[in-house]
Amino acid sequence: MRALLIPLLILSACSRTSDIYEELPNSSLAGAPREDVPESRMDAPVARPVTIGEDGPRLDACGALGRVTRAGSGGLSLRAAPFADAKELARLAEGQRAWICTRSLDQKWLGVVVQPAPVPDNAADTPDCAVSSPVERRQPYAGPCPSGWVSSAYVRLIAG
């Protein structure tokens, strides 16, 4: 037994140690000086774009339409990523409509494209969000309307 332990101890003394950040080639933190690396994920500016086209090229880019409910007087937070500590992008009022394009794995967050309120005098001035028709492939939403993540508990499905 002692004969096995000695070579293992010698090998472990020769091993190279490093932070996990240096081992991740696709990480934006890889190679960053240690003082520039945040201590937690919440300290980093995190955003996850809303994905459209998840239902395939024959169906609409966003498959459902929802309405904000039970948001209270403060409104519902539209966030940059699907978690409560993500940056708040906007507030959605009670009754505001949004296209539902994707969901988080735990189903607690919806990736939405916010439907603009119609312009009373001229409906032609209301921008088309370009999600009610098919897209060729799955892709991040890059249209003219605001997009982000909302808590699924405060959105009621109204179409789709």
Side-chain angles (χ1 to χ4, degrees), residues 19-33 36-160:
D19 287 338
I20 188 70
Y21 298 119
E22 296 166 6
E23 299 294 324
L24 300 173
N26 294 329
S27 173
S28 62
L29 301 176
D36 293 343
V37 178
E39 288 302 315
S40 74
R41 188 177 86 181
M42 296 304 161
D43 294 337
V46 177
R48 179 176 167 201
V50 172
T51 303
I52 62 171
E54 289 190 343
D55 295 331
R58 292 184 178 190
L59 297 173
D60 291 346
C62 294
L65 184 64
R67 185 182 56 190
V68 174
T69 61
R70 300 176 304 155
S73 61
L76 177 63
S77 290
L78 180 70
R79 301 210 173 261
F83 53 90
D85 291 337
K87 179 182 176 185
E88 185 177 283
L89 303 173
R91 290 254 172 199
L92 304 182
E94 183 79 22
Q96 177 79 45
R97 292 180 175 204
W99 293 100
I100 301 169
C101 306
T102 188
R103 298 175 187 269
S104 62
L105 290 175
D106 62 6
Q107 305 291 312
K108 292 182 180 181
W109 295 91
L110 300 173
V112 300
V113 172
V114 179
Q115 187 179 43
V119 178
D121 295 336
N122 189 358
D125 287 344
T126 304
D128 177 21
C129 294
V131 294
S132 59
S133 57
V135 291
E136 228 174 87
R137 59 181 166 71
R138 286 180 57 174
Q139 59 194 352
Y141 178 71
C145 299
S147 65
W149 296 85
V150 295
S151 174
S152 62
Y154 298 96
V155 177
R156 181 175 176 205
L157 185 68
I158 58 174

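Remember, predicted model here, so these are calculated numbers, not experimental data.
Taking 4.5 Å as the limit, some side-chain heavy atom of V155 sits within range of a side-chain heavy atom of I100. S104 has its side chain out of reach of F83: every pair of non-hydrogen atoms, C-beta onward, lies at least 4.5 Å apart. Between V113 and S147 there is a side-chain heavy-atom pair separated by less than 4.5 Å.
S73 OG to R91 CZ: the interatomic distance, rounded to the nearest 0.5 Å, is 9.5 Å. Interatomic distance, D55 CG to R138 CZ, rounded to the nearest 0.5 Å: 10.0 Å. In this structure, CG on D60 lies 14.0 Å from CD on E54, to the nearest 0.5 angstrom. Taken from SG in C129 to CD in Q115, the straight-line distance is 6.5 Å, to the nearest 0.5 Å. Distance check, rounded to the nearest 0.5 Å: CZ of R67 to CD of E94 gives 8.0 Å. Remark: L110 CG to Y154 OH distance equals 13.0 Å, nearest 0.5 Å.
Between P144 and D128, the closest heavy-atom pair is CG-O, 3.3 Å. In plain terms, the two heavy atoms of L76 and A71 that are nearest each other are N-CB, 3.8 Å. Across every non-hydrogen atom of W99 and C62, the tightest pair is CB-CB, 3.9 Å. Shortest non-hydrogen contact noted between V135 and A61 is CG1-CB, 3.9 Å. Nearest heavy-atom pair across L65 and A98 is CD1-O, 3.4 Å.
Other residues, nucleotides and ligands contribute at most 12 non-hydrogen atoms within 6.0 Å of the CD atom of E136.
Judged by distance alone, the side chain of R79 and the main-chain N or O of A86 form a donor-acceptor pair under 3.5 Å. A donor-acceptor pair under 3.5 Å is absent between the side-chain atoms of Q139 and the main chain of T51, judged by distance alone. In terms of modelled atom types and a separation under 3.5 Å, the side chain of R48 and the main chain of G111 share no donor-acceptor contact.
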Criterion side chain to side chain contact (heavy atoms under 4.5 Å, CB included) on Y141 and V112, from CA distance to verdict: CA-CA 10 Å; Y141 178 71; V112 300; over 6 Å; no

